[in-house]
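These notes are about the structure you will find just below.
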Amino acid sequence: MSSSEQTFIAIKPDGVHRGLVGPIITRFEQRGFKLVAIKLISPGKEHLEKHYADLAGKPFFPGLIEYMNSGPICAMIWEGREVVKTGRILLGATNPLASAPGTIRGDYAIDVGRNVCHGSDSVESAQKEIALWFQDSEVVKYKSSQFDWVYEKP
């Protein structure tokens, strides 16, 4: 039973400006996931275009890039068992109006264009996004003191 899956979570400019970094980190910590990298960054247009390359043909792409480039982003790597899938559940649906109360987007967002967070949608996407946003030297490897209280021994 591995607990070493990683996901990329980014608090978008609206979440940073609204002071939601702490509450969002708290949700992941309370669930039992381990924060292994974090930075506040203004990545620039070129970096954002690489991150959202799969959406380049969509009509909303230019606005998305402009919005994501409008303020700082809190980029994070979280680690834990099935953290990609569970992280998406914690975030809620991409459209906040379809997100259940109790999810991050369900509690903190209304419009899809201001949905507070990005979360990797698969393990493969997480690996690509982590490599784009972080250098290996920025990722801390450690055993959390709560590990044995979160995970059963095999």
Side-chain angles (χ1 to χ4, degrees), residues 1-44 47-55 64-65 67-96 98-109 112-154:
M1 289 197 229
S2 174
S3 64
S4 62
E5 183 177 288
Q6 294 181 333
T7 194
F8 175 73
I9 300 292
I11 303 173
K12 297 177 179 182
D14 57 315
V16 173
H17 279 286
R18 292 177 56 203
L20 298 176
V21 173
I24 291 167
I25 288 173
T26 297
R27 302 261 183 127
F28 281 83
E29 287 180 327
Q30 287 176 336
R31 182 62 188 227
F33 294 124
K34 179 174 70 171
L35 181 63
V36 296
I38 184 170
K39 61 184 171 182
L40 196 61
I41 184 171
S42 295
H47 184 95
L48 293 165
E49 287 172 344
K50 285 180 191 172
H51 178 83
Y52 287 111
D54 60 320
L55 302 175
L64 171 64
I65 299 304
Y67 153 67
M68 289 295 290
N69 202 31
S70 69
I73 295 168
C74 181
M76 300 175 284
I77 303 172
W78 288 91
E79 189 173 284
R81 186 169 304 131
E82 296 194 33
V83 69
V84 173
K85 180 176 86 173
T86 308
R88 298 283 293 183
I89 292 168
L90 288 171
L91 292 180
T94 301
N95 181 347
S99 294
T103 64
I104 291 166
R105 291 173 177 148
D107 289 350
Y108 298 129
V112 78
R114 298 293 183 269
N115 67 359
V116 180
C117 279
H118 165 85
S120 300
D121 61 5
S122 69
V123 172
E124 295 76 25
S125 293
Q127 291 168 345
K128 289 177 189 171
E129 292 170 351
I130 288 167
L132 178 63
W133 288 82
F134 288 92
Q135 297 176 19
D136 287 342
S137 63
E138 295 176 297
V139 182
V140 179
K141 295 179 184 351
Y142 66 101
K143 181 179 178 184
S144 170
S145 60
Q146 70 175 358
F147 181 88
D148 293 330
W149 298 107
V150 174
Y151 298 102
E152 295 177 322
K153 293 183 181 184

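- Taking the charged nitrogens against the carboxylate oxygens, Asp107 and Arg27 do have a contact shorter than 4.0 Å, which makes a salt bridge.
- With values rounded to the nearest 0.5 angstrom, Leu35 atom CG is found 10.5 Å from Ser144 atom OG.
- Here Phe33 and Trp78 keep their ring centres 6.0 angstrom or further from each other.
- Side-chain contact between Ser4 and Arg81: absent, with no pair of heavy atoms (C-beta onward) separated by less than 4.5 Å.
- Here the CE-SG distance, from Met76 to Cys74, works out to 4.5 Å after rounding to the nearest 0.5 Å.
- For Ser120 (side chain) and Ser122 (main-chain N/O), no donor-acceptor pair under 3.5 Å exists by modelled atom type.
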Given salt bridge (Lys or Arg N to Asp or Glu O under 4.0 Å), test Lys143 with Asp148 step by step and report yes or no.
CA-CA 10 Å; Lys143 181 179 178 184; Asp148 293 330; 3.6 Å; yes

Given the rule in the side-chain contact (heavy atoms from CB on, under 4.5 Å) test, do Leu40 and Ile73 qualify, once you have shown the distances and angles that lead to the verdict?
CA-CA 6 Å; Leu40 196 61; Ile73 295 168; over 6 Å; no

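- Checked by atom type and distance alone, the side chain of Thr86 never pairs as donor or acceptor with a backbone atom of Val83 at under 3.5 Å.
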Please evaluate residues Leu91 and Thr103 with respect to the criterion side-chain contact (heavy atoms from CB on, under 4.5 Å), reporting the C-alpha separation (whole Å), side-chain torsions for both, the decisive distance (0.1 Å), and the verdict.
CA-CA 5 Å; Leu91 292 180; Thr103 64; over 6 Å; no

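- Side-chain contact between His118 and Glu129: present, with at least one pair of heavy atoms (C-beta onward) separated by less than 4.5 Å.
- Between the CD1 atom in Ile11 and the CD1 atom in Ile104 there is a gap of 7.5 Å [rounded to 0.5 Å].
- The existence of a salt bridge linking Lys141 and Asp136 is excluded, since no basic side-chain nitrogen approaches an acidic carboxylate oxygen closer than 4.0 Å.
- Under the 6.0 Å distance and 45° angle rule, Lys34 counts as a cation-pi partner of Tyr142.
- Here the side chain of Glu5 pairs a donor or acceptor atom with the backbone of Val84 at under 3.5 angstrom.
- The CG atom of Leu90 lies 10.5 Å from the OG1 atom of Thr7; values are rounded to the nearest 0.5 Å.
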Let's go through Val116 and Lys12 carefully: what are the C-alpha distance in whole Å and the side-chain angles of both, what is the deciding distance for side-chain contact (heavy atoms from CB on, under 4.5 Å) to 0.1 Å, and is it a yes or a no?
CA-CA 5 Å; Val116 180; Lys12 297 177 179 182; over 6 Å; no

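- Of the charged side-chain nitrogens involved, at least one lies within less than 4.0 Å of a carboxylate oxygen, so that Lys39 and Glu138 count as a salt-bridged pair.
- Side-chain atoms of Thr26 come within 3.5 Å of backbone atoms of Gly22 as a donor-acceptor pair (strictly under, hydrogens ignored).
- For the atom pair OH (Tyr108) and CG (Asp14), the distance works out to 13.0 Å, reported to the nearest 0.5 Å.
- In terms of heavy atoms, Ala75 sits closest to Trp133 at CB-CE3, 3.9 Å.
- The NE2 atom of His51 sits 8.5 Å away from the CD1 atom of Ile65 when rounded to the nearest 0.5 Å.
- At a threshold of 4.5 Å between non-hydrogen side-chain atoms, the residues Phe8 and Gln127 do not count as touching.
- Side-chain atoms of Arg88 come within 3.5 Å of backbone atoms of Gly119 as a donor-acceptor pair (strictly under, hydrogens ignored).
- The backbone N or O of Thr94 lies less than 3.5 Å from a partner atom in the side chain of Asn115, making a donor-acceptor pair.
- Side chain of Arg18 to backbone of Pro13: no donor-acceptor contact under 3.5 angstrom is found.
- Arg105 places a side-chain N or O within 3.5 Å of a backbone atom of Gly92 that can act as its donor or acceptor partner.
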